[in-house]
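First the structure, in the form of structure tokens, and then the observations on it.
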Amino acid sequence: MTTQLRHAPPSPSPEADPLPAPLAVDASALATPAATAAAAPQPPKATADDIEVFGSFHLGDIEFALPIAALQEVVNYPERVTPVPLSPSFLLGLFNLRGTLIPIVDLKPLLSIAGNGAGRPLPVTEKIAIVDVDGVRVGLLFDGTGEILRVRASQRTGFEYDPSHATAQVVSGAIKLDGGDRILQILAPAALVRIENMPQLLARQSLTAPQRRQQRQRLQCVSFTVEHSRLALPMGAIREIIRIPELQNSALASVFCVGMLNLRGTVVPVIDFAHFLGLQACRPDPDVAGTASDPRRILIVKQEDVHFGLMVDAVDSIVTYYADEVLAMPSFSASHAQLFSGCIARESTNDIVLLNADELFTHAQVLDLTRGHRELYRESDPAQRTSAGGAGRSAAGAKSSRGTRHAYVSFRLQHMLAVRLDQLREIIHDSPDVMPAPGAPSFIRGMLNLRRELVMVVDLRALYGMPAQDDANTRKILVIEHGKDKFGLLVDAIENIVTLDDADKLPVPAVLLGRATHEMRNDMREAVELPASDGAARTAMLLDLQPLKLRLETALAL
């Protein structure tokens, strides 16, 4: 919400002329001759009567002034701020202002002003001043707004810095009012947006805007949590998602390489993604670590010969988005400037920071780590391969290399089941917003408004005659897209994502078919072995969506 700065009260001092009425701080509404002159690239030499309009702000006990020509608006501190890894200490995060990502800059650490420190509770009086310099927008955090002042050139003093001055030169001068009893420091917006590691949005935004207008390509990513940041990788970069096994020691272990695992004969270094991003990893309690309740996962990612694992705090869901929904992302650190490709804005949940997979695979530290493991552990011990299941799967691996491979998502529904990933539109948390469908069969949970599209949600436990699940925290809804139809399947929990060969599919054993209901026998006629990180395998029945869809249509038509 745009706020107003109060105008200056009448003052007996002739040194500052207050505006006659309150004005909204909006650059387009303040195109006064003074503001226009201030915005000119090479203004004429100032005289004592030249006037420039400033907005004043408070930061602790210090009063600052910003030229109105560079001030777009003032807003309240946003309810939702997206933290960004690898950002400098003065960057509090990003917020979405009418479709544009605005970085929030805390001037206190930048200017060495004493404050409450990072992570402090934010008073409701704090305001964000949106500064626009040639299209580059930055939000400056202040404790409160002050007034709008018309200041004569004789009241302004410019600062000059010695060439050896190393700190940010964001204070360009001072304003002297009330005979010198009141001093305001003038901030230089152009210097603020050019500080080292200051977010820069303009260039990338100009490149992506035409693409966002033209593209409606539907994409998928896997979202996950690292510390309090919600991140995502494109689906094509992820080969598997596994629980954390007992990692082996690596001779190349470092601050962010926590070990390695032997995944069916392939040595895979594991990167602690929190340390890689400069964040603090969330460690589970010792009695939870390594158990089925441990939320941490390892994302197995591969591109050509670069193969490694990313250990994250938790895997959230599969998210479907459109290319034109991705907001342009400011660049922060020079060494990681291209690691983030954008931000997926979501109204009902936290925004998702989308990682650039190509930049991750070509990152110097990642390349050194994967190359080192590949060269050092190229000749693996046959006994080690056998213990990891490599030798036992050599024939199956050869057969798989000749077949068509597909990615599967495994999930729990009392039994272990799986469905082809390309049949999924997305995976979302079980929602309390599912609307009941009066007169529908008992296995129809209801209808869910999924971004202005009604999706029918089917309770698979009720459909297959299973007892209801008590733990609602892990339940997920698989949004299935089969032909032109979409529907949601309520399941107990999501397990992993794996890539398998069609030749690995097996008929479901008769003993399992005999114990299953008629509906399950009709829907699950094939099974696959899902590899685990410890070399073992678990059998999962494949859900055939065609008979399931036909039965739903028949039941709803009655």
Side-chain angles (χ1 to χ4, degrees), residues 1-6 24-26 55 57-60 66 71-110 115-132 137-146 198-199 201 205 223-232 277 279-280 282 313-314 316-317 319 321 325-330 332 340 342-354 428-433 448-452 473:
M1 176 183 298
T2 303
T3 61
Q4 284 190 328
L5 297 177
R6 59 184 177 87
V25 183
D26 188 319
F57 299 87
H58 298 280
L59 197 62
L66 276 168
L71 191 58
Q72 174 183 310
E73 60 185 295
V74 177
V75 300
N76 293 324
Y77 196 89
E79 294 182 359
R80 289 168 47 191
V81 176
T82 301
V84 180
L86 303 173
S87 58
S89 60
F90 56 79
L91 185 68
L92 300 179
L94 307 173
F95 76 102
N96 185 353
L97 180 66
R98 299 187 296 274
T100 299
L101 289 181
I102 304 294
I104 302 177
V105 173
D106 188 351
L107 291 173
K108 289 183 177 179
L110 193 63
N116 296 331
R120 67 198 186 288
L122 295 172
V124 295
T125 57
E126 289 194 333
K127 302 290 184 179
I128 306 294
I130 310 299
V131 173
D132 188 323
R137 296 175 184 174
V138 173
L140 304 179
L141 176 67
F142 290 101
D143 295 334
T145 58
M198 178 64 71
L201 180 59
Q205 195 173 44
S223 67
F224 51 90
T225 303
V226 179
E227 196 182 26
H228 301 299
S229 298
R230 192 180 182 197
L231 310 175
L277 297 175
L279 301 175
Q280 182 66 41
C282 298
D313 294 342
D316 188 16
S317 62
V319 178
Y321 63 99
E325 290 181 332
V326 180
L327 301 179
M329 190 77 174
F332 305 110
F340 308 109
C343 183
I344 304 172
R346 287 289 185 261
E347 294 182 1
S348 57
T349 60
N350 293 333
D351 295 341
I352 304 170
V353 175
L354 185 63
I428 60 177
H429 293 288
D430 185 18
S431 173
D433 298 328
L448 179 63
N449 186 344
L450 189 62
R451 294 185 294 281
R452 299 185 178 181
N473 294 326

Handout entry: side-chain contact (heavy atoms from CB on, under 4.5 Å), paired with R137, selected from L97, V131, I102, L101
Key =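 Output: one option passes, namely I102.
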Practice task
Check L140, D143, V74 against F57 for a side-chain contact (heavy atoms from CB on, under 4.5 Å) and give me the one that passes.
Solution key: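 Only match with F57 under side-chain contact (heavy atoms from CB on, under 4.5 Å): V74.
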Starting at [atom1] of [X], measure out to [atom2] of [Y] and round the result to the nearest 0.5 Å.
X	Y	atom1	atom2	value
H58	F142	NE2	CZ	10.5 Å
T82	L231	OG1	CG	10.5 Å
S229	L277	OG	CG	8.0 Å

Could you check whether any side-chain heavy atom of [X] comes within less than 4.5 Å of a side-chain heavy atom of [Y], counting everything from C-beta outward?
X	Y	result
L71	D132	no
Y321	V326	yes
F340	L354	no
V319	I352	yes

Over all atoms of both residues, closest heavy-atom pair of [X] and [Y]:
X	Y	value
E73	V75	OE1-CG1, 3.6 Å
S317	R230	OG-NH2, 3.9 Å
I104	P78	CD1-CG, 3.9 Å
L94	P103	CD2-CA, 3.6 Å
L59	L141	CD1-O, 3.5 Å
C343	D351	SG-CB, 3.6 Å

Exercise for the section: Could I get the full list of side-chain hydrogen bond (donor to acceptor under 3.5 Å, both in side chains) partners for H429, not counting sequence neighbours? Expected result: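 H429: side-chain hydrogen bond (donor to acceptor under 3.5 Å, both in side chains) contacts with D316, K476.
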Exercise for the section: Kindly say whether D433 contributes a backbone atom to a donor-acceptor pair with the side chain of S431 at under 3.5 angstrom? Expected result: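 Flag set: sc S431 to bb D433 pair under 3.5 Å.
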